[in-house]
Each structure stands twice: as structure tokens, then as C-alpha cells.
2 protein chains.
Amino acid sequence: MTATVAEENYIKAIFHLSKNENKVVNTNAIANEVQTAAATVTDMLKKLADKKLIKYEPYKGVSLSKNGLLMAGKIVRKHRLWETFLVEKLNFKWDEVHEIAEQLEHIQSDDLIGRLDKFLGSPKIDPHGDPIPDAEGNLIPITSKPLTIASSHDVHTVASVGDQSSSFLQMLDKLKISIGTKIKIVEKHEFDGSLQVKINNQNIINISEQLAKNLIVK
Amino acid sequence: MTATVAEENYIKAIFHLSKNENKVVNTNAIANEVQTAAATVTDMLKKLADKKLIKYEPYKGVSLSKNGLLMAGKIVRKHRLWETFLVEKLNFKWDEVHEIAEQLEHIQSDDLIGRLDKFLGSPKIDPHGDPIPDAEGNLIPITSKPLTIASSHDVHTVASVGDQSSSFLQMLDKLKISIGTKIKIVEKHEFDGSLQVKINNQNIINISEQLAKNLIVK
DNA sequence: ATTTATTTTTAGATTTGCCTAAATTTTATT
DNA sequence: AATAAAATTTAGGCAAATCTAAAAATAAAT
């Protein structure tokens, strides 16, 4: 029933490589993900298949079983809740938390995770904008997120706003930003969190972190 | 430099058995503490001696070296800080946190522990009344003793408990005894070692020697 | 002071997770 | 389609942490 830390890491690797679809993942990709030799992966795949966590056909690749998918979801939930804790409560920067969360995600206690979730106000997305699976391990994919955590050099579309105040909405009008506006992040300034963005593939402007945080894009 | 989880558990066991003194601990006691076979302990002692964490003489027992003592102190610090977090922030009861803290104490990150300590307000004692070692692993002993050897007709304050079992802690809850409770010894019964005590200058109850032994007062 | 009992260590195995090298299967190329 | 290249698996081993059973050392008892 309970998996070892190594098993959990393989399940998580397969999950990340298959992106919650039923996509088939190959041995070398897993070996690269968990930084181990391909032969070691083969050994582990046999064990995971015995435990019915994956569907495995020699030479043809693997995909997660229903149980494996839920187990992966629970591990990812723990990882993302801990990352949220580290950033929100302990004031880590979002780029400093991954390795610590890799350790914390293996702590075994449903009660602990339930209380941690409550303590954090049952967040639905983590500090990187990734969705947090529910207690059963189900992940509801979220496509929209604040512009502050959207990918650089990518075009995003404004889907909603995170603030309804007139001062905010008036400013958007001035900047010619509305629902449906295309925004491309040109550069992120470390200093104050402001963003250099291209609006509708036309003019380039600089917007504050405060403003970007309230632009929900997809 | 970095120890495995198993090594840390042995170091911690020796620490708890020798009570921060240089007392010699024997193999069977360690085996009992870490719930393993005596032969396994011998194997591990050789490894820890190679790493200069203990002073080991075959058949004669072990004691922690200076480095071993500091390592134990750091592990205990982590354990007690996490217990404080679980009780203070996640609202666990004090008798529910031990096993989870046993897992959390092995998370590797000085930065994390530094921030956790700050987040908790740099507590000096944990929810059981035990002192929290400093960041280097130094433990400042607290002048406290079991109620069984405390002076009669004198008021004492519960400082910590000598047993972490939930049956014991639950009994204390029932008796309305917690850290900080004032206890005055009214009478000592020769027959069974039980004590007639006055709780917080109010009700008088009789407590067993077994219970009194585990009430650490100052 | 011998003998008996207890404690501790050694010897030999097992399991888990990992490795390299060789064999096999699949995929790509000429 | 035959061969070369790449991916995968099998085979055989290793280190860590554990075990049981036997041997050795120490402590207790007659």
C-alpha cells in the first residue's frame, strides 16, 4: 500500500512526463528525469507493474494506472502545498523551494497534509501558478493564472482580472488592456518585479508587479 | 559529512540514552531504542566510530564524541521545532506529534530550520517542555527533576514530561495537568510511592509513583 | 574459581536500489 | 530489405541496512 521514497519518485516522474494524459512514457526519458541508469529504471518498472501502479509493456513504454495516477496526484499535492507554505509562511522566494519540497513531499501523514491545507487556506494554485490536486489526488487542470507567473516570451490572453476596483479598471482602460487582449512578456525585471510587455503585438510598455498580479491570463 | 536517516536515528538514540552526559551506553539498550537486532547495532556502531561520531570500545559500550553530540543536538533541535510548529500552528495535540516529527527531523536544509525557528518566534522549549538546542546543536540543560525527588511541602511548576506516550499525555489532560501547572506535594505515601498533591492551589488528588516519575518540575 | 547466563560480536544471508557490460529488440538509414 | 544505430532489457555485482544463528567475551551465580 505505502510506497518507498524511490517508488514515489518514479511515479512522480512518469506523471510529469505524461502530463496527466494517458501518454506512453519511455525508459530513457524516466532515466533522465530521475537521474539514474536506464537499467535501474527497468528494474523499478517491473516492481511498479507488480504493484499495479503502471501499465508496462517491455520495450514499448509505460503509462500510469488509475491508482498510479491518484498516487502521483497525492504526491504532487503534498509538494505544492509545502511549496506554498515555504513561500507564504517562511518567506522563501519561489525559485528556492523546489529541493526542500522534494524532501517534504515524502512525509507520510494524511492528517498533517489536511491540517497544512487548512492552515494555508486551502489554496488551489501553488506559488508557481500550478494547480494543487485535491485530497484524493485528482488534478483539475487550470489554464488561467496571474501574468506574474506566466511564461516569458509567450503570448497570453487576458481572461479575467483579480481586482474589481475602479482605480484598477480605469488604469487598464488607459493602457488599452481588456479581456481578450494579447500580452507577450518581453522581459522581467528582478529589481521591482515589473514587466516589459508587448500589447496586442503593437506597443511595448512597462507594467508594475502589482498590476501584473491582477491580470489573469491563459 | 551528511549522515543517512539510519545513522541519524542511532545518534539520536545514543543521545537520549546518555542524557547529554558522557555516560556509556550499551548495545542492547540501543537495540531496544531503535527497535532492531543487537547485531545490527554492532554493525552501525563500527560505521559511526569510523566517522568519529562516537567513542566505541567493543564489548564495553559507546558514548557520543563532541561531533556526535552536536549532530544529535541539531537533530533534536529539528524534532522539537517541528513539534512546536505542529502544535502551535497546525493545532495538533501534544500527544499526536511525535511520529510526524520523527519524519520531519530528517529533512535536510539549514535555511529551512532557520526560517522555521524565526517563524515560531525562536522558542526555547517545545510543547512537552523540553529545551530546544541552538543552531549549533548545543543544549542548555534546564534545572528540572522528576516530582518523585522534589521537596515536600513546596510548590513546583511542571516543566516537561518524561514520557511521550499518548496514554500518559491523555491522562495528564484528564487530570488537567499541563506544562506550567503548579503542584504542591502534600504527602508522600511510603506504601506504594504515590503522592497526595495539590493542583494549582485548588483540588487535591492522589497520583501514582509511575506518573509522578514522569512529571518533570522546577 | 568454575560453571552458567547474559551480552556482544562475527559470519553468512536477504532486500532494496543502484551500477556496468553484454544481449536483445526496435527504429532508422542506406 | 539488409544493416547500422538507438533504446531497452538481462545478467551479474555492489553498498546499505537489516536479519538469524553461532561464536566469543563479560558478568553473575553457585
Side-chain angles (χ1 to χ4, degrees), chain A residues 1-18 23-64 68 71-72 75 99 102-103 105-108, chain B residues 1-15 17-18 23-64 68 71-72 75 102-103 105-108:
Chain A
M1 198 91 254
T2 35
T4 65
V5 168
E7 286 168 358
E8 289 194 346
N9 282 331
Y10 280 93
I11 288 293
K12 195 179 51 145
I14 297 167
F15 176 83
H16 282 133
L17 291 167
S18 62
K23 213 178 80 183
V24 168
V25 176
N26 51 334
T27 303
N28 264 356
I30 299 168
N32 182 62
E33 183 82 6
V34 302
Q35 288 292 292
T36 188
T40 308
V41 175
T42 302
D43 285 347
M44 186 59 92
L45 293 184
K46 282 188 242 167
K47 205 189 338 171
L48 295 175
D50 284 350
K51 292 192 170 191
K52 300 261 161 59
L53 293 169
I54 58 170
K55 286 167 270 179
Y56 171 49
E57 280 205 72
Y59 293 103
K60 301 189 86 186
V62 285
S63 61
L64 291 174
M71 175 179 284
I75 300 164
E99 277 152 48
E102 293 267 277
Q103 297 181 63
E105 74 192 2
H106 301 294
I107 301 291
Q108 227 73 65
Chain B
M1 201 88 251
T2 36
T4 65
V5 169
E7 285 168 358
E8 288 194 347
N9 282 333
Y10 281 92
I11 288 292
K12 195 179 51 141
I14 297 167
F15 176 82
L17 291 167
S18 62
K23 213 178 81 184
V24 168
V25 176
N26 51 334
T27 303
N28 265 357
I30 299 169
N32 182 62
E33 182 83 6
V34 302
Q35 287 293 292
T36 188
T40 309
V41 175
T42 302
D43 284 347
M44 186 57 91
L45 293 184
K46 283 189 242 167
K47 208 197 325 178
L48 295 176
D50 284 349
K51 291 193 171 190
K52 299 258 160 62
L53 292 169
I54 58 171
K55 285 167 270 177
Y56 171 50
E57 279 206 74
Y59 293 103
K60 301 190 86 187
V62 285
S63 60
L64 290 174
M71 175 178 283
I75 299 164
E102 292 268 278
Q103 296 181 62
E105 74 192 2
H106 301 294
I107 301 292
Q108 225 73 63

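Basis for what follows: all heavy atoms, side chains included, without hydrogens, waters or symmetry-related copies. Each chain gets a letter, A, B and so on, in the order the sequences are listed, and its residues count up from 1.
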(request) May I ask you to verify if any side-chain N or O of N28(A) is less than 4.0 angstrom from the OP1 or OP2 atom of dT8(D)? (result) yes
(request) Assign each of V5(A) and A39(A) to its nearest nucleotide of DNA chain C by heavy atoms, then name whichever residue's nucleotide is nearer the 5' end. (result) V5(A)
(message) Check this one for me: any side-chain N or O of T4(A) less than 4.0 Å away from OP1 or OP2 of dT16(C)?
(response) no
(message) I'd like to check L64(A) versus M71(A) (side-chain heavy atoms, cut-off strictly below 4.5 Å). Are they in contact?
(response) no
(request) Starting at atom CE of M44(A), determine the distance to atom C1' of dT10(D), rounded to an integer number of angstrom. (result) 17 Å
(request) Could you check how far CG of N32(A) sits from C1' of dT8(D), rounded to whole Å? (result) 15 Å
(request) May I ask you to evaluate whether T40(A) reaches the phosphate of dC18(C), defined as a side-chain N or O under 4.0 Å from OP1 or OP2? (result) no
(request) Could you check T42(A) against Y56(A) for side-chain contact (heavy atoms from CB on, under 4.5 Å), going step by step and ending with a plain yes or no? (result) CA-CA 10 Å; T42(A) 302; Y56(A) 171 49; 3.8 Å; yes
(message) Please evaluate residues E8(A) and Q108(A) with respect to the criterion side-chain contact (heavy atoms from CB on, under 4.5 Å), reporting the C-alpha separation (whole Å), side-chain torsions for both, the decisive distance (0.1 Å), and the verdict.
(response) CA-CA 12 Å; E8(A) 289 194 346; Q108(A) 227 73 65; 3.7 Å; yes
(message) With a 4.0 Å cutoff (strictly under), does any side-chain N or O of K46(A) reach OP1 or OP2 of dT9(D)?
(response) no
(message) Counting only side-chain nitrogens and oxygens, does N26(B) get under 4.0 Å of the OP1 or OP2 atom of dT8(C)?
(response) yes
(message) Less than 4.0 angstrom between a side-chain N/O of Y10(A) and OP1 or OP2 of dC18(C), yes or no?
(response) yes
(request) Check the distance between dC19(D)'s P and D43(B)'s CG and give it to me in whole angstrom. (result) 10 Å
(request) With heavy atoms under 4.0 Å as the rule, sort A6(B) into base, sugar-phosphate or nothing. (result) sugar-phosphate
(message) Any non-hydrogen side-chain atom of I30(B) less than 4.5 Å from a side-chain atom of L45(B)?
(response) yes
(request) State which of dA7(D), dT9(C), dT18(D) makes the closest approach to the side chain of A38(B). (result) dT9(C)
(message) Tell me whether the side-chain N/O atoms of T27(B) come closer than 4.0 Å to OP1 or OP2 in dT9(C).
(response) yes
(message) Using a strict heavy-atom distance below 4.0 Å, which residues from residues 49-62 of chain A are in contact with DNA chain D?
(response) Y56(A), P58(A), Y59(A)
(request) Verify side-chain contact (heavy atoms from CB on, under 4.5 Å) between N9(A) and E105(A), making sure each step is shown before the conclusion. (result) CA-CA 10 Å; N9(A) 282 331; E105(A) 74 192 2; 3.7 Å; yes
(message) Apply side-chain contact (heavy atoms from CB on, under 4.5 Å) to residues Y10(A) and V62(A) and explain how you reach the verdict.
(response) CA-CA 11 Å; Y10(A) 280 93; V62(A) 285; over 6 Å; no
(message) Could you tell me how far apart E7(A) (CD) and dC18(C) (P) are, to the nearest whole angstrom?
(response) 10 Å
(request) Counting heavy atoms from C-beta on, name the nucleotide in dT10(C), dC18(C), dT10(D) closest to the side chain of T42(A). (result) dT10(D)
(request) Work out which heavy atom in E33(A) is nearest to a heavy atom in A13(A); give both atom names and the distance. (result) CG-CB, 3.5 Å
